[in-house]
Participant: 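Please read through the structure below; I'll follow up with questions.
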Amino acid sequence: MAEYNINDIEKKWQDYWKKNQVYKVTTDPSRPKFYVLDMFPYPSGAGLHVGHPLGYIASDIVARFKRLKGFNVLHPMGFDAFGLPAEQYAIDTGQHPAITTAQNIEKYKEQLNNLGFSYDWDREVQTCDPSYYKWTQWIFMQLFNSWYDKKTGKALAIESLIEILNQQGNAGLSAACDDDTPEISAEEWKAFSDEEKAAFLLKYRLTYPADSMVNWCPALGTVLANDEVKDGFSERGGHPVERKKMKQWMMRITAYADRLLENLEKLNWSEALKEMQRNWIGKSYGCELDFKVVGKDITLTAFTTRSDTIYGVTYVVLAPEHELIETLTTPDQKEAVDAYVSAAKNRSERERMADVKTVSGVFTGSFVVNPFNNEEVPLWIADYVLAGYGTGVVMAVPSSDDRDFRFARHFDLPVRCVIEGTEEMADPTEKKHGKMINSGILNGMESTDAITAANNYAAEKGIGKPKVNYRMRDAVFSRQRYWGEPVPVHFKNGIPHLIDEKDLPLELPPVDEYKPTETGEPPLARAKDWKYKGDFDYEHTTMPGWAGSSWYFLRYMDATNDREFVSSDAVKYWNEVDLYIGGTEHATGHLLYSRFWNMFLYDRGFIFHEEPFRRLVNQGMIQGRSNMVYKLKDQNKFVSEGLKDDYEVIELRADVNMVDHDILDIEAFKKWRPEYSDAEFVLEGGKYKCGVVVEKMSKSKYNTINPDDMVSKYGADTLRMYEMFLGPIEMSKPWNTAGIDGVAKFLRRFWMLFFDDKGKYRVNDENPAAEELKVLHKTIKKVQDDIEQLSFNTCVSEFMICLNQLTQLKCYKKAILQELVVVLSPFAPHLCEELWHHLGNADSVVNAAYPVFNPQYVQEASFEYPIMINGKLRAKISFAVDAPQDAMKETVLGNEIVQKWLDGKAPKNIIVVPNKIINVVV
RNA sequence: GCCCGGAUGGUGGAACUGGUAGACACGCAGGACUUAAAAUCCUGUGGCCGUUGAGGCCGUGCGGGUUCAAGUCCCGCUCCGGGUACCA
């Protein structure tokens with residue numbers, strides 16, 4: 001007697017897998033490797049909802065499938081454990097964030113294990129664990145000890161730079177460095193004091209402290225990276241963010257801008273994602289042009305991508321933050337300029353973004369000279385010019401640029417058209433390319449040619465030079481927070497030095513409170529007697545969340561190594577991630593920083609692959625499906641959805657967990673809130689029907705579905721298959737529990753192939769019939785092809801078709817079922833493990849081999865051709881697959897139905913597509 | 001504004017490089033079993049007209065086009081989702 005008791009079976013096998021270490025992975029060069037990775041989660045207090053596991057289920061299916069196919073599969077899981085929520089909780093309650101984090105991680109692991117994932121937990125990483133962040137700090141130290149040589153196109157040890165400086169200074173050097181790096185000779189370098197040398201080297205190091213404009217979030221008490229700010233608000237918490245100048249550790253990611261951009265070509269990522277990274281890097285080819293200030297010994301350099309329009313310049317604009325504003329302002333304009341500049345500075349980033357349409361600016365009183373025609377044009381200040389992009393100076397061409405045009409109209413500045421055909425247009429910026437006019441030496445050229453000509457001319461005359469510009473800036477690496485990796489740096493006379501490698505990890509010190517100090521210092525400044533060697537101040541900021549997540553995929557390869565961050569052997573074997581599944585929200589953060597660090601470690605010879613993630617798939621979001629109820633305006637009375645238009649109603653959300661197929665469980669609803677306990681209901685057909693709204697899944701919308709509830713009700717196998725059955729993995733879709741019955745029914749009926757309704761085992765050893773083998777092998781083929789394409793929903797359909805046919809054939813043959821169990825096991829591992837053992841196997845199904853597809857079994861002798869008349873299906877006729885076309889045509893024309901449609905006429909043409917279709921053209 | 005996706009029955013979705021549109025499932029309707037319900041099983045299910053195993057017409061967001069043949073390719077739109085934004 002055997003019963004399909006889901007919860008018992010699933011528990012039993014989860015315990016078995018754990019006890020027998022079925023998912024333990026070792027480095028084994030004798031076998032081909034496959035690395036399947038999920039973006040590791042931040043363990044929040046809320047636990048998982050049903051949307052989170054979508055990607056995990058998909059990757060687990062791939063991992064299990066590849067294993068059956070003979071690959072040595074690395075499929076690890078860990079936790080991105082430093083983060084704001086735990087710290088915020090610590091500030092509120094005084095509890096150390098490590099405690100909350102550990103609790104949350106336990107909960108997550110339990111939830112993940114309930115779903116039957118095949119992780120090797122021995123390789124788990126937690127970014128907040130000192131044994132892990134020791135190596136995050138170590139990587140930071142390598143970055144500090146490196147510079148980027150543009151000649152060889154890679155990062156090198158800082159010692160090689162020192163050697164060059166000793167020999168020749170930095171004259172012949174092509175390196176990524178600060179913009180303000182002066183040119184020095186070897187003699188000057190040698191004459192530097194040690195401190196001066198150290199300060200100078202900071203201009204080249206790949207991580208360095210700098211005074212920079214940062215996104216300061218007062219509510220969180222920290223700075224945020226550009227990708228952590230959305231529309232002027234912090235991504236976590238939604239607090240306002242403002243601009244502030246602070247000393248920050250920076251990462252010289254701009255050194256890698258070109259390689260990060262170019263390598264995208266080689267990656268098997270979605271075009272959308274690559275495009276996001278391209279836009280973020282924002283490479284543009286242009287030209288820097290020099291504008292001399294009239295009457296002053298000052299030259300302003302403007303960056304432009306449209307040097308062809310230089311004759312259309314009617315004014316030049318500075319960013320309000322430009323440092324020369326004071327000297328460039330004439331006395332009579334001083335008052336106006338001061339007022340404008342201070343107003344612009346005090347405007348928060350948010351405000352500035354909010355009214356993009358408002359035109360504002362002020363005249364400096366100065367004029368500058370157009371280097372091409374020596375014309376004097378006015379110099380303005382306006383906040384549409386960003387200090388952080390290009391040079392902070394824009395040559396304005398109102399006839400070709402929308403913003404310049406709006407500005408010129410507002411302040412009544414002249415507009416000069418330089419493109420043929422724009423002279424008479426109300427808005428000449430609508431035509432951006434064409435033949436140049438009013439443009440001196442450029443007249444008559446097409447704009448694209450004129451750009452090259454103008455650039456060459458500028459270079460020849462020494463009035464400018466071609467320049468490649470990037471939108472991406474160096475990444476801010478400091479956070480004024482407690483719950484992050486300490487930076488392994490101490491200060492001597494204000495100059496940062498690394499601590500000794502043997503002193504790693506530099507552990508987080510205890511503090512009395514997790515808040516900033518009264519003087520605004522970060523929380524680490526509270527740590528008592530926290531000094532390096534008892535003497536030197538440590539860095540008080542901590543690393544950002546993306547530090548630990550930028551290399552965790554390497555650590556999994558060798559997670560417990562305490563001598564290296566990863567051994568060469570391990571990284572040579574596992575190298576890049578073959579399949580990475582995660583959300584699109586990390587497009588410009590994690591996925592860019594990880595590529596940067598990976599590339600750096602590759603340059604320095606620590607690892608041997610340049611890109612970390614060969615193939616990447618973004619799983620879609622599972623949206624919430626909220627159920628609405630309609631309350632009468634002044635009464636405690638609810639009307640059913642179909643009747644709501646007849647009343648004046650207020651739309652309210654009901655918890656989806658008390659709604660089934662959009663029918664409200666009225667008793668549960670009454671108990672939900674005391675104020676509803678005596679509510680009345682207007683029903684339709686005896687039922688209360690709820691409305692439906694698709695929106696984000698969130699607790700406040702009462703539309704979250706907890707996977708634990710689903711697992712206890714339907715089982716993990718059902719949940720796994722249902723999430724896959726919902727649709728293509730990369731598409732967003734609302735969660736609707738209604739459809740889950742179909743999958744639950746499938747698994748129960750699959751069980752019924754093995755056990756009759758009395759629970760009696762009915763599998764026999766009979767030889768399979770041709771028809772049964774055909775069904776089996778069709779499924780073997782379809783499922784393996786679709787898994788490779790990550791088309792999991794069609795796999796589930798195929799299983800259902802297969803089951804329907806086997807049920808019809810009353811096939812209870814071991815030869816068929818045993819192979820099918822293996823094919824199904826990546827999707828429903830618990831059920832299949834149970835059945836696998838019933839079939840008499842002692843080992844785990846995980847260690848089975850995927851059946852080999854045999855095309856002979858699925859070959860057909862004949863094909864039933866759809867016969868079309870003028871493209872419309874009219875009849876069907878079977879022919880042997882290798883039937884000669886002439887004979888087929890003859891038969892078709894002789895067919896009664898075809899005759900009827902021909903109506904005595906001769907056909908114009910007959911198209912026969914072998915084993916596809918026959919079309920008769922009349 | 002710009003850049004990516006997407007639009008197929010009441011619903012989720014199938015349809016490989018153009019070749020039988022609606023697989024599979026949910027829901028719904030009818031039936032069987034049952035004292036009853038649940039569960040299970042069977043049948044039907046794009047729309048319209050007509051029939052009761054005739055058949056026909058229309059149908060993949062909208063309007064054109066290419067083709068023997070278009071959900072699929074081309075041109076022009078509409079709407080929805082995501083990203084991004086004074087980037088010179």
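Sequence lines set the chain letters: A, B, ... in the order given, protein chains first and strands last, and positions in each chain run from 1.
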Participant: Using atom types as modelled and distance alone, determine if a side-chain donor or acceptor of A:N627 lies under 3.5 Å from a backbone N or O of A:C690.
Facilitator: no
Participant: In whole angstrom, give me the gap between the P atoms of B:U20 and B:C77.
Facilitator: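 So the two P atoms sit 31 Å from each other.
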Participant: On the side chain of A:D383, is there an atom forming a donor-acceptor pair with the base of B:C86 - under 3.5 Å, no angle test?
Facilitator: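 Under the 3.5 Å cut-off, the side chain and the base do form a donor-acceptor pair.
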Participant: So A:K781 and A:E798, salt bridge (charged side-chain N to carboxylate O under 4.0 Å, His left out) or not? Walk me through it.
Facilitator: CA-CA 10 Å; A:K781 175 86 164 66; A:E798 184 61 27; over 6 Å; no
Participant: Tell me whether the guanidinium CZ or amine NZ of A:R874 lies under 6.0 angstrom from the six-membered ring centre of A:W901 and within 45° of its axis.
Facilitator: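 Cation-pi check for A:R874 and A:W901: passes.
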Participant: With C1' as the reference atom in both, quote the distance from B:G55 to B:C62 in angstrom, rounded to an integer.
Facilitator: 32 Å
Participant: Looking only at atom C1', what distance separates B:C80 and B:G61, rounded to whole Å?
Facilitator: 10 Å
Participant: Write down the distance between CZ (A:R471) and P (B:A88), rounded to a whole number of angstrom.
Facilitator: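 Distance check: A:R471 CZ to B:A88 P gives 10 Å.
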Participant: Between A:R403 (CZ) and B:C87 (C1'), how many Å, whole number?
Facilitator: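 So the CZ-C1' distance, A:R403 to B:C87, works out to 7 Å.
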Participant: Does a side-chain heavy-atom distance below 4.5 Å link A:F879 with A:S862?
Facilitator: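 When only atoms from C-beta onward are counted, A:S862 and A:F879 do not touch, as no gap falls below 4.5 Å.
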Participant: Compare the minimum distances between each of B:G19, B:C26, B:A88 and the side chain of A:A738, then state the nucleotide with the smallest one.
Facilitator: B:C26
Participant: Please work out if A:R278 contacts a base, only the sugar-phosphate, or nothing of the nucleic acid, heavy-atom cut-off 4.0 Å.
Facilitator: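 Nothing, no nucleic acid heavy atom in range.
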Participant: Please state how far atom CG in A:N5 lies from atom P in B:A39, giving the value in whole angstrom units.
Facilitator: 19 Å
Participant: Mind checking the P distance from B:G63 to B:G56? Whole angstroms is fine.
Facilitator: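 Straight-line distance between the two P atoms is 25 Å.
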Participant: Can you tell me how far P of B:G83 sits from CD of A:Q277, to the nearest Å?
Facilitator: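 The answer, rounded to whole Å, is 16 Å.
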Participant: What string of B, S and - do you get for nucleotides 8-18 of chain B 5' to 3' if you count protein non-hydrogen atoms under 4.0 Å?
Facilitator: ----BSS-B--
Participant: Using a distance-only test with no angle check, is there a side-chain donor-acceptor pair under 3.5 angstrom linking A:S284 and A:N469?
Facilitator: no
Participant: Using the P atom in both, what is the distance from B:G81 to B:G46, to the nearest Å?
Facilitator: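 B:G81 and B:G46 have their P atoms separated by 31 Å.
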Participant: If we check ring pair (Phe, Tyr, Trp, His ring centres under 6.0 Å) with A:F827, which of these qualifies: A:F750, A:F799, A:F725?
Facilitator: A:F799
Participant: When the nearest nucleotide of RNA chain B is assigned to A:V393 and to A:E275 on a heavy-atom basis, which residue is associated with the more 5' position?
Facilitator: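 Nearest-nucleotide comparison on RNA chain B picks A:E275.
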Participant: Mind checking the P distance from B:G6 to B:A14? Whole angstroms is fine.
Facilitator: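 Nearest-Å result for B:G6 against B:A14 at atom P: 12 Å.
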Participant: Classify the nucleic acid contact of A:I911 as base, sugar-phosphate or nothing, counting any heavy atom under 4.0 Å across all strands shown.
Facilitator: base
Participant: Distance check needed: B:G27 P versus A:D741 CG, whole Å only.
Facilitator: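 Between P of B:G27 and CG of A:D741: 6 Å.
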Participant: Let's test this: given Watson-Crick or G-U wobble pairing with both distances under 3.5 Å, identify the partner of B:A21.
Facilitator: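 Per the H-bond distance test, none.
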Participant: Indicate, with yes or no, if the rings of A:W751 and A:F746 have centres closer together than 6.0 Å.
Facilitator: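 No: the rings miss the under 6.0 Å criterion.
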Participant: Would you please indicate yes or no on a ring centroid separation below 6.0 angstrom for A:F863 and A:Y865?
Facilitator: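 When the ring centroids of A:Y865 and A:F863 are compared, they turn out to be within the sub-6.0 Å range.
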Participant: Roughly, in whole Å, what's the span from CD in A:E723 to P in B:A25?
Facilitator: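 Taking CD of A:E723 and P of B:A25, I get 20 Å after rounding.
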Participant: Work out how far the C1' atom of B:G19 is from that of B:G71, and round it to whole angstrom.
Facilitator: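 Each nucleotide's C1' atom is 13 Å from the other's.
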Participant: Taking only the C1' atom of each, what is the distance from B:G59 to B:A7 in whole angstrom?
Facilitator: 16 Å
Participant: With nearest nucleotides of RNA chain B determined for A:M868 and A:S284 from heavy-atom distances, which residue corresponds to the more 5′ nucleotide?
Facilitator: A:M868
Participant: Quick one: what's the B/S/- string for nucleotides 41-48 of chain B, heavy-atom cutoff under 4.0 Å, read 5' to 3'?
Facilitator: S-------
Participant: Which residues pass the salt bridge (Lys or Arg N to Asp or Glu O under 4.0 Å) test with A:D427, not counting sequence neighbours?
Facilitator: none
Participant: Remember a base hit wins even if backbone is also touched, and classify A:E271 as base, sugar-phosphate or nothing at under 4.0 Å, heavy atoms.
Facilitator: nothing
Participant: Checking contacts here: which listed nucleotide (B:A88, B:G56, B:G83) is nearest the side-chain heavy atoms of A:M276?
Facilitator: B:G83
Participant: Cation-pi between A:K283 and A:Y470: NZ/CZ under 6.0 Å from ring centre and within 45° of the ring axis?
Facilitator: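 No; the conditions do not both hold, so A:K283 does not lie above the ring face of A:Y470.
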Participant: Using a 90° cut-off around 0 for syn, call B:G46 syn or anti.
Facilitator: anti
Participant: Looking for any heavy atom pair under 4.0 Å, which part of the strands does A:V921 touch: base, sugar-phosphate only, or nothing?
Facilitator: sugar-phosphate
Participant: Select base, sugar-phosphate, or nothing to describe what A:W269 touches, counting heavy atoms under 4.0 Å on all strands.
Facilitator: nothing
Participant: Aromatic contact between A:F754 and A:Y812, with the criterion being ring centroids under 6.0 Å apart: yes or no?
Facilitator: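 They do not qualify: ring centres at least 6.0 Å apart.
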Participant: With the side chain of A:R748 defined as its heavy atoms from C-beta on, choose the nearest nucleotide among B:A39, B:C24, B:C57.
Facilitator: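 Nearest to the side chain of A:R748 among the choices is B:A39.
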Participant: What integer distance in Å separates A:D404:CG from B:A88:P?
Facilitator: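 Taking atom P of B:A88 as the reference, CG of A:D404 is at 11 Å.
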Participant: Between A:N279 (CG) and B:C3 (P), how many Å, whole number?
Facilitator: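 So the two atoms are 10 Å apart, to the nearest Å.
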Participant: Across all strands, who's sitting opposite B:G30 as a Watson-Crick or G-U wobble pair, both distances under 3.5 Å?
Facilitator: B:C42
Participant: Would you confirm whether the ring centroid of A:Y315 sits within less than 6.0 angstrom of the ring centroid of A:F411?
Facilitator: no
